[in-house]
J.: 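What follows is a structure written as structure tokens; I'll ask about it next.
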Amino acid sequence: EQKLRSHMRFPVVAAGVLAWMLATVQGPINQTAMDTLLQLAQFAIEEHPFQRPAALEFLAAVMTSKFVAGALQKDAAQVAVFLMTTGFVQPVLKFMESNGDRLERGVVCAFIDRVAAVASPPYSRSFVEGMAAFISKPAVMEALKAVTRSSGSERKRLARLCSELTREAPVGALGKAAQSRLSELSGA
């Protein structure tokens, strides 16, 4: 991994490695290899801003792959949140919204919990709208109901995030259904 990382300092090599990684997740893969691939994806995200779309494509493939174990899909969701912290917010939220119905419940919860752990107001309008659109998906709401029934820190972070999203949303920015669902979750 270290040797590959040292070569990935060159953008063209990083692009090739990301393309290889994407092809790798199209079939069965073991956990150790996937851990390494997720670390390489994070390295590419840090080192090469122009490689972030390819990194998201890889993470998306991991999160939706039938060949990747659920725990590794959750790890990929956490790397996706790291990608958001680099400023690549809208593409990640767009993917999550478009695929929220296809993702495993654990992946959805891991993503939202990590966002709640790292995000803080004031939020941009596009962030609020993107998160609200994702959270408002019926399958996502169903996944989050399990979190609201728990009593741990994950539940508290979710309630805080939903409360802040509701408060930060510009008037009329959220549809009534999204507003109602966020309010419901914030009082969980």
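Here, residue 1 is the first one in the sequence, and each next residue gets the next number. In what follows, every heavy atom counts, from backbone to side chain, and hydrogens, waters and symmetry copies are set aside.
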J.: With side-chain contact (heavy atoms from CB on, under 4.5 Å) as the test, would you mind laying out the steps for M34 and N30 before giving the verdict?
T.: CA-CA 6 Å; M34 183 53 68; N30 72 38; over 6 Å; no

J.: Which pair of heavy atoms, one from R5 and one from F43, lies closest together, and at what distance?
T.: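 Looks like O-CE2, 3.4 Å.
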
J.: Before giving the answer on side-chain contact (heavy atoms from CB on, under 4.5 Å), spell out for R102 and N99 the whole-Å C-alpha distance, their side-chain angles and the decisive distance to 0.1 Å.
T.: CA-CA 5 Å; R102 293 180 21 189; N99 294 279; 3.3 Å; yes

J.: Apply the test side-chain contact (heavy atoms from CB on, under 4.5 Å) to residues I112 and F134: give CA-CA distance (whole Å), side-chain angles for both, the deciding distance (0.1 Å), then the verdict.
T.: CA-CA 10 Å; I112 292 175; F134 171 59; 3.5 Å; yes

J.: If you count the non-hydrogen atoms of other residues, nucleotides and ligands that lie under 6.0 Å from CD in Q31, is the total more than 12?
T.: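 Result for CD/Q31: open.
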
J.: Can you check whether F82's main-chain N or O pairs, donor with acceptor, with T85's side chain at less than 3.5 Å?
T.: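 Yes: the side chain of T85 pairs with the backbone of F82.
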
J.: Give me the atom names and distance for the closest heavy-atom approach of F95 to A60.
T.: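 So the two residues come closest at CE1-CB, 3.3 Å.
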
J.: Which value, rounded to the nearest 0.5 Å, describes the distance between S120 atom OG and E164 atom CD?
T.: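 Result: 7.5 Å between the selected atoms.
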
J.: On a heavy-atom basis, which atom in I45 and which in L83 lie closest, and how many Å separate them?
T.: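 Of all heavy-atom pairs spanning I45 and L83, the closest is CG2-CD1, 3.7 Å.
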
J.: Which atom names give the shortest non-hydrogen contact between T86 and R52, and what distance separates them?
T.: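 Taking T86 first and R52 second, the nearest heavy atoms are O-NH1, 3.4 Å.
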
J.: Please determine whether residues M63 and F67 belong to a single hydrophobic cluster, defined as Ile, Leu, Val, Met, Phe, Trp and Tyr linked transitively by side-chain heavy-atom distances below 4.5 Å.
T.: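 Each belongs to a different hydrophobic cluster.
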
J.: Quick one: which residue pairs count as a ring-ring contact (aromatic ring centres under 6.0 Å, His included) with a foot in residues 7-29, not counting sequence neighbours?
T.: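 Sorted pair list comes back empty.
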
J.: Contact between Q78 and F111 at the side-chain level, heavy atoms closer than 4.5 Å - yes or no?
T.: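 Side chain of Q78 against side chain of F111, heavy atoms only: no contact under 4.5 Å found.
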
J.: Just wondering, more than 12 heavy atoms not from Q42 lying within 6.0 Å of its CD?
T.: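 For Q42, atom CD is crowded (more than 12 foreign heavy atoms under 6.0 Å).
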
J.: Can you name the nearest heavy-atom pair linking S126 to Q90, along with the distance?
T.: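 Distance-wise, the nearest heavy atoms are OG-NE2, 3.1 Å.
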
J.: CG/L59 to CG/L38 distance, rounded to the nearest 0.5 angstrom?
T.: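 Between L59 CG and L38 CG, I get 7.0 Å after rounding to 0.5 Å.
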
J.: Give, for atom CG of L18 and atom CD of Q51, the distance between the pair rounded to the nearest 0.5 Å.
T.: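 Taking CG in L18 and CD in Q51, the distance rounds to 6.0 Å.
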
J.: side-chain contact (heavy atoms from CB on, under 4.5 Å) for M96 and L103? Distances and angles first, verdict last.
T.: CA-CA 9 Å; M96 296 304 287; L103 298 172; 3.5 Å; yes

J.: How long is the straight-line distance from CE of M84 back to CG of L56, given to the nearest 0.5 Å?
T.: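 Going from CG on L56 over to CE on M84, the span is 10.5 Å.
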
J.: In Å, rounded to the nearest 0.5 Å, how long is the span from CD1 of I135 to CG of L161?
T.: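 Nearest 0.5 Å value for the CD1-CG distance: 5.5 Å.
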
J.: Any heavy-atom pair between the side chains of F58 and V79 that's under 4.5 Å?
T.: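 They are not in side-chain contact.
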
J.: Under 4.5 Å between side-chain heavy atoms, counting indirect links through other Ile/Leu/Val/Met/Phe/Trp/Tyr residues: same cluster for V12 and L40 or not?
T.: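 V12 clusters together with L40.
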
J.: Hey, what do you get for NZ (K74) to CZ (R114), rounding to the nearest 0.5 Å?
T.: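 If I round to the nearest 0.5 Å, the distance is 14.5 Å.
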
J.: Does K137 pair with E97 as a salt bridge, N-O distance under 4.0 Å?
T.: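 Between E97 and K137 there is no salt bridge, as every charged N stays at least 4.0 Å from the carboxylate O atoms.
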
J.: Report yes or no: does H48 contribute a side-chain atom to a donor-acceptor pair with the main-chain N or O of M8 at less than 3.5 Å?
T.: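 A pair under 3.5 Å: yes.
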
J.: For a 4.5 angstrom cut-off between non-hydrogen side-chain atoms, does P53 reach F88?
T.: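 They are in side-chain contact.
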
J.: Could you tell me which non-hydrogen atom of Q26 sits nearest to which non-hydrogen atom of A61, and how far apart they are?
T.: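 Minimum heavy-atom contact is NE2-CB, 4.1 Å.
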
